[in-house]
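Accompanying notes for the structure given below.
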Amino acid sequence: MAESTSLLFNPRTYDPAHFDPETRRLLRATVDWFEARGKRRLIQDYRSRVWLADFLEFAAKEELFATFLTPASAAAGDGDRRWDTARIAALNEIFGFYGLDYWYAWQVTVLGLGPVWQSDNADARERAAGLLAQGEVFAFGLSERTHGADIYSTDMLLEPDADVPGGFRATGSKYYIGNGNAAGLVSVFGRRTDVEGPDGYVFFAADSRHPAYHLRKNVVDSSKFVSEFHLEDYPVAPADVLHTGRAAFDAALNTVNVGKFNLCTASIGICEHAMYEAVTHATNRILYGRPVTAFPHVRRELTDAYVRLVGMKLFSDRAVDYFRSAGPDDRRYLLFNPMTKMKVTTEGEKVIDLMWDVIAAKGFEKDTYFAQAAVEIRGLPKLEGTVHVNLALILKFLRNHLLDPVDHPSVPTRLDAADDAFLFRQGPARGLGSVRFHDWRTAFDAYAEVPNVARFREQADALCAFVETSAPDEEQSRDLDLLLAVGQLFALVVHGQLILEQARLTGLDEELLDELFAVLVRDFSAHAVDLHGKDSATAAQQEWALGAVRRPVVDTARSTRIWERVEALAGAYEMAP
């Protein structure tokens with residue numbers, strides 16, 4: 001049992017000994033707080049949609065957000081306070097494991113802080129650090145009802161204030177703004193009325209308690225407070241201005257780079273809790289005189305769910321290393337970020353669906369975590385512009401990544417207690433076409449003897465040939481439906497690459513890797529068939545697509561041994577009542 005459960009987060013055995021003592025204490029204290037509340041209260045709060053006041057009180061008492069979300073430059077010498085993506089990822093997983101409502105309050109605090117920590121406004125930075133220390137939450141005022149997250153278009157207007165040199169009066173509404181009901185500081189994006197074009201953008205700090213801040217409603221039926229608010233002649237002093245001009249635009253996109261990465265580990269936490277419930281239920285349920293898990297299709301579905309979840313964890317853990325090691329000359333994280341937002345979160349949906357097919361009606365029962373997991377897992381791929389937006393972004397890196405590698409220093413595992421300062425000085429949010437990557441083939445070469453890794457490598461090599469000989473022409477490049485099918489194929493190669501890198505760094509056993517890549521081979525084949533069926537696919541592209549279809553290498557004994565690991569999850573964890 002220990003071998004199979006060690007890859008998944010288990011509150012019974014969790015001891016993040018790879019972190020420093022204070023990080024370890026806070027992570028464990030968070031787990032203990034949830035466990036002490038118990039499953040009944042957890043579900044009750046989710047169903048009754050109560051605001052998370054007691055959770056935020058706990059976080060304030062422990063200075064949890066202040067410790068994890070204050071960069072060293074604003075920590076006034078407190079050595080435990082830093083922006084450390086590795087431990088942030090660990091906390092995301094814990095919050096996801098117990099409920100996305102808790103994660104969401106934390107997540108939008110991360111986003112609200114992004115423009116502040118990127119700002120040169122020392123007063124605003126000091127104010128934010130003080131609010132964090134007091135246990136306040138933050139909000140990111142970017143989206144609008146009419147424009148969504150289209151930051152080229154904003155109706156939040158700032159009129160120069162004749163009575164305050166350098167000041168403004170802001171009027172306008174924002175929509176889909178988490179924590180908008182309680183944020184001590186809301187980073188709000190708008191534009192000046194006296195300046196045309198991108199030079200007129202402004203990011204400023206607002207206070208949800210100000211009388212000119214009008215909270216309209218919670219736009220969702222949830223404990224998450226996803227607000228609509230309206231500013232009416234809101235006074236913006238010079239000390240409130242975080243960014244102006246193009247820098248405000250860059251701050252918005254760079255904040256997304258930092259904050260939306262958190263979607264992947266939240267998805268992992270949701271899937272882990274749901275998996276314990278699903279495997280335990282399936283193992284104990286008798287159907288037609290036999291345990292449900294005696295049926296071959298059930299074993300396949302649960303095994304596929306398990307190896308997909310392992311793949312999600314391996315990819316996300318490795319992506320952390322690239323974030324933490326990033327710099328002006330190494331921006332590979334700009335590919336791995338939309339990958340975590342899109343690929344890992346959609347894998348999470350597949351994991352839940354596979355388990356739900358097994359436990360069926362049980363997945364609707366009101367006393368299960370699974371019932372809320374099945375709902376919440378849907379939101380994560382859609383919280384950053386939808387899968388399509390991220391696939392389109394991923395495609396910008398396709399040619400450089402597949403065909404034109406360069407030498408990069410090897411990126412080590414990054415669990416050290418360091419401040420990830422570069423994330424708040426990323427610079428202009430452009431030049432994606434100039435980002436260069438190391439050779440993806442190296443990770444595959446290290447596992448060339450693993451049958452399904454080798455089989456998938458054939459498909460990846462075929463994709464390179466497709467890009468060189470059959471890539472969409474200028475007219476096809478306007479067909480986003482076709483391009484997205486190509487994007488799915490490319491995303492699988494990147495997904496497999498980082499999985500293999502992390503497998504090598506952690507010593508993952510090759511049988512598990514073989515079973516995982518059997519799933520990826522099937523996925524690649526399915527996306528190739530999808531490309532074949534696209535309306536605008538040329539004859540050459542159709543021929544290529546069918547030629548890229550592969551059958552995984554079947555090994556019944558291997559699959560049986562992996563199933564035994566999955567079966568060992570039954571009873572390994574159940575939340576206290």
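It should be emphasised that the depicted structure is a prediction, and the values quoted were computed from it without experimental measurement.
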Can you tell me if [atom1] on [X] sees more than 12 non-hydrogen neighbours from other groups inside 6.0 Å?
X: Asp15; atom1: CG; value: yes
X: Arg551; atom1: CZ; value: no
X: Glu543; atom1: CD; value: no
X: Asp367; atom1: CG; value: yes

Run the side-chain hydrogen bond (donor to acceptor under 3.5 Å, both in side chains) test against [X] and tell me which residues pass, sequence neighbours left out.
X: Arg324; result: Asp84, Asp420
X: Gln542; result: none
X: Tyr175; result: none
X: Thr442; result: none

Under 4.5 Å between any side-chain heavy atoms of [X] and [Y], yes or no?
X: Met342; Y: Leu393; result: no
X: Gln426; Y: Val258; result: yes
X: His401; Y: Trp440; result: yes
X: Val521; Y: Phe524; result: no
X: Phe34; Y: Pro11; result: no
X: Leu498; Y: Gln502; result: no
X: Phe261; Y: Val320; result: yes

Where at least one partner belongs to residues 95-111, residue pairs that pass salt bridge (charged side-chain N to carboxylate O under 4.0 Å, His left out), sequence neighbours excluded: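 Every pair satisfying salt bridge (charged side-chain N to carboxylate O under 4.0 Å, His left out) with a residue in residues 95-111: Asp101-Lys224.
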
- request: May I have all residue pairs that pass salt bridge (charged side-chain N to carboxylate O under 4.0 Å, His left out) and include part of residues 483-508, sequence neighbours excluded?
  value: Arg318-Glu501

- request: Show your working on salt bridge (charged side-chain N to carboxylate O under 4.0 Å, His left out) between Arg561 and Glu515 and close with a plain yes or no.
  value: CA-CA 10 Å; Arg561 287 190 291 272; Glu515 192 74 19; over 6 Å; no

message: Show me the pairs that pass side-chain hydrogen bond (donor to acceptor under 3.5 Å, both in side chains) and involve residues 283-293, at least two apart or across chains.
response: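 Those involving residues 283-293 do not exist here.
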
Looking only at heavy atoms, which two atoms of [X] and [Y] are closest? And how far apart?
X: Leu27; Y: Arg87; answer: CD2-O, 4.4 Å
X: Leu569; Y: Thr280; answer: O-OG1, 4.0 Å
X: Ala89; Y: Thr265; answer: O-CB, 3.6 Å
X: Ala537; Y: Leu531; answer: CB-O, 3.6 Å
X: Val310; Y: Leu512; answer: CG1-CD2, 4.1 Å

query: Which residue, Lys343, Lys382, Arg308, forms the salt bridge (Lys or Arg N to Asp or Glu O under 4.0 Å) with Glu349?
result: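 Result: among Lys343, Lys382, Arg308, Lys382 is the only option passing the salt bridge (Lys or Arg N to Asp or Glu O under 4.0 Å) with Glu349.
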
Short question: side chain of [X], backbone of [Y] - any donor-acceptor pair under 3.5 Å?
X: Asp473; Y: Gln476; value: yes
X: Asn400; Y: Phe397; value: no
X: Arg550; Y: Gly547; value: yes
X: Trp106; Y: Asn92; value: no
X: Ser559; Y: Thr556; value: no
X: Asp514; Y: Val450; value: no

Non-neighbouring partners of [X] that pass salt bridge (Lys or Arg N to Asp or Glu O under 4.0 Å), sequence neighbours left out:
X: Arg414; result: Asp416
X: Asp555; result: none
X: Glu365; result: Lys362

task: Please lay out, stage by stage, how Arg399 and Asp404 fare under the test salt bridge (charged side-chain N to carboxylate O under 4.0 Å, His left out).
output: CA-CA 7 Å; Arg399 186 170 289 273; Asp404 199 11; over 6 Å; no

query: Between Asp479 and Lys534, is there a side-chain N and carboxylate O pair less than 4.0 Å apart?
result: no

Specify whether [X] and [Y] have parallel, tilted or perpendicular ring planes, treating 30° as the upper limit for parallel and 60° as the lower limit for perpendicular.
X: His495; Y: Phe315; answer: tilted
X: Phe456; Y: Phe444; answer: parallel
X: His273; Y: Tyr369; answer: parallel

Can you list, pair by pair, the side-chain donor-acceptor contacts under 3.5 Å of residues 460-472, counting residues two or more places apart and other chains?
residue : atom : partner : partner atom : Å
Asp461  : OD1  : Arg457  : NE           : 3.1
Asp461  : OD2  : Arg457  : NE           : 3.1
Thr469  : OG1  : Ala465  : O            : 2.7

Tabulate below the donor-acceptor pairs under 3.5 Å that side-chain atoms of residues 350-360 make, not counting sequence neighbours, or state none.
residue : atom : partner : partner atom : Å
Lys350  : NZ   : Glu347  : OE2          : 3.3
Asp353  : OD1  : Arg378  : NH1          : 3.4
Asp353  : OD1  : Arg378  : NH2          : 2.5
Trp356  : NE1  : Ala360  : O            : 3.3

message: Check for me whether the distance between the ring centres of Phe95 and Tyr102 falls short of 6.0 Å.
response: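 When the ring centroids of Phe95 and Tyr102 are compared, they turn out to be at least 6.0 Å apart.
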
